[in-house]
Amino acid sequence: MVWSLLKATIFLGLVALLSLGAVYLLEHGESLRIVIGSVEVTVGPLAAVLAILAFVILVWVLLKVAGFLVALLRFVRGDETAISRFFGRNRQKRGLDALGDALIALAAGDPRRALVRAARAERLLGASGVTALIEAQAAEALGDRARAEAAYKALLGDDRTRVVAIRGLVRQKLAEGDEDTALRLAEKALELRADDAETQDLVLKLQIEREDWEGARRTLAAKLRAGLLPRDVYRRRDAVLCYAAARAALEAGSIEQARKLAAEANRLSPDFVPAAVLE
């Protein structure tokens, strides 16, 4: 750690000093005179800047070589992982850079570049939830449903990304028009994370569209328990769902059940006129 910090400090210091010198030479058009013993060499401004650039590159290479020699010395002294750690650090840095590029590309709305950089990050760092998530969302943005679905399924095995994966699969199934599977997946997501407001709203919407009034009432009660819905709002909405269930029972010929549900709707929201009329 200390050696890495020392190398970085030395390199940055040299780059800063030499950069200032190069800027000065270019701005003033002065030549650079180098004297080594009895030998004197004079170079023009452009040649001086190129020489400075070459020197910076040489210093960088020397620092890399020095780092490798230190790792080799540690290996000779018995540290069997010294050399692998030396190359591993470089590989990890490249992988993290690629991962950062992928995230930036995804945020900037460039899913193709995000896919390319995420694939490079995965090669360097190994498979991870982050790279799979980037791949899934980038493929989804490109309309590649098969690749997005495969990436989301790969995330199901990790507890940290399971809910995100299920939500992604729900979107895929909705895009395909498979609302039955989408509803089952969304309900599974709620089992894992009951306070997920977005998933609760989706489940409630699908249940209402399917006229699953009892299921919708359970989901609404879950929103209340999670603190995502004020009690007075909950009671009014539950009264509406209860009334819808009463109408369905009435249409099915279950008059007594319809009356019970209408009475419950009227109790939940006394000013809800349709329930009072049906009762």
**Request:** Check whether Leu190 and Leu169 end up in the same hydrophobic cluster, where Ile, Leu, Val, Met, Phe, Trp and Tyr are linked by side-chain heavy atoms less than 4.5 Å apart.
**Result:** yes
**Message:** Closer than 4.0 angstrom, basic N to acidic O: yes or no for Glu187 and Arg184?
**Reply:** no
**Prompt:** Which heavy-atom pair separates Ala136 from Ala148 by the least distance, and what is that distance?
**Reply:** O-CB, 3.6 Å
**Asked** Residues two or more places apart in sequence or in another chain: which of them pass salt bridge (Lys or Arg N to Asp or Glu O under 4.0 Å) with Lys223?
**Response** Asp201
**Message:** Measuring only between side-chain heavy atoms, which start at C-beta, is Glu264 closer than 4.5 Å to Lys260?
**Reply:** no
**Message:** Is the shortest side-chain heavy-atom distance between Leu220 and Tyr234 below 4.5 Å?
**Reply:** yes
**Asked** Is there a side-chain contact between Asn266 and Leu268 (heavy atoms, below 4.5 Å)?
**Response** no
**Prompt:** Quick one: side chain to side chain donor-acceptor pair (under 3.5 Å) pairs with a partner in residues 161-170, sequence neighbours left out?
**Reply:** Asp159-Arg162, Arg167-Asp196, Arg167-Glu198
**Request:** Side-chain contact test, heavy atoms from C-beta onward, threshold under 4.5 Å: evaluate it for Glu140 versus Glu135 and give yes or no.
**Result:** no
**Request:** Inspect the contact between Glu179 and Lys173 and indicate whether a charged nitrogen and a carboxylate oxygen are less than 4.0 angstrom apart.
**Result:** no
**Request:** Could you please spell out the steps behind the side chain to side chain contact (heavy atoms under 4.5 Å, CB included) verdict for Leu204 and Gln200?
**Result:** CA-CA 6 Å; Leu204 188 61; Gln200 283 181 340; over 6 Å; no
**Request:** Indicate the atoms forming the closest heavy-atom contact of Ala262 with Ala246, along with that distance.
**Result:** N-CB, 3.8 Å
**Prompt:** How long is the gap from NZ on Lys205 to CZ on Arg210, to the nearest 0.5 Å?
**Reply:** 12.0 Å
**Fill in**
Correct closest heavy-atom pair for Cys242 and Leu261 would be SG-O, 3.1 Å
**Message:** Going by side chain to side chain donor-acceptor pair (under 3.5 Å), name the pairs with one or both residues in residues 96-107, residues two or more places apart or in two chains.
**Reply:** Lys93-Asp97, Asp101-Arg117
**Message:** Between Thr199 and Val163, is there a side-chain heavy-atom distance shorter than 4.5 Å?
**Reply:** no
**Complete:** Heavy atoms of Ala114 and Ala138 approach each other most closely as CB-CB, 4.2 Å
**Stepwise salt bridge (charged side-chain N to carboxylate O under 4.0 Å, His left out) check, Asp158 with Arg160** = CA-CA 5 Å; Asp158 191 334; Arg160 298 171 301 175; 2.8 Å; yes
**Request:** Could you check if a side-chain atom of Arg237 sits within less than 4.5 angstrom of a side-chain atom of Leu229, using non-hydrogen atoms only?
**Result:** yes
**Prompt:** Does Tyr152 belong to the same Ile/Leu/Val/Met/Phe/Trp/Tyr cluster as Leu142, with side-chain heavy atoms less than 4.5 Å apart forming each link?
**Reply:** no
**Message:** Please determine whether salt bridge (charged side-chain N to carboxylate O under 4.0 Å, His left out) holds for the pair Asp238 and Arg236, giving the CA-CA distance in whole Å, both sets of side-chain angles, and the decisive distance to 0.1 Å.
**Reply:** CA-CA 5 Å; Asp238 194 32; Arg236 287 196 299 273; over 6 Å; no
**Request:** Verify the cluster assignment for Val116 and Ile134: are they in a single hydrophobic cluster under the rule of side-chain heavy atoms below 4.5 Å apart?
**Result:** no
**Asked** Is any side-chain heavy atom of Ile208 closer than 4.5 Å to a side-chain heavy atom of Trp213?
**Response** yes
**Asked** Just how far is it from atom OG1 of Thr219 to atom CG of Asp212, taken to the nearest 0.5 Å?
**Response** 8.0 Å
**Prompt:** So, do Arg171 and Leu174 sit near enough that their side-chain heavy atoms are less than 4.5 Å apart?
**Reply:** no
**Request:** Spell out, yes or no, whether Leu133 and Ile104 are grouped together once hydrophobic residues are joined by side-chain heavy atoms under 4.5 Å, including indirect joins.
**Result:** no
**Prompt:** What about Ile166 and Leu206, same hydrophobic cluster or not, with Ile/Leu/Val/Met/Phe/Trp/Tyr joined at side-chain heavy-atom distances under 4.5 Å?
**Reply:** yes
**Prompt:** Hey, is Glu214 close enough to Arg218 for a salt bridge, meaning N to O under 4.0 Å?
**Reply:** no
**Asked** So which heavy atom on Leu156 is nearest to which on Ala165, and how close?
**Response** CD2-CB, 3.7 Å
**Item:** Non-hydrogen atoms of Ala182 and Val170 that approach each other most closely
**Value:** O-CG2, 3.7 Å
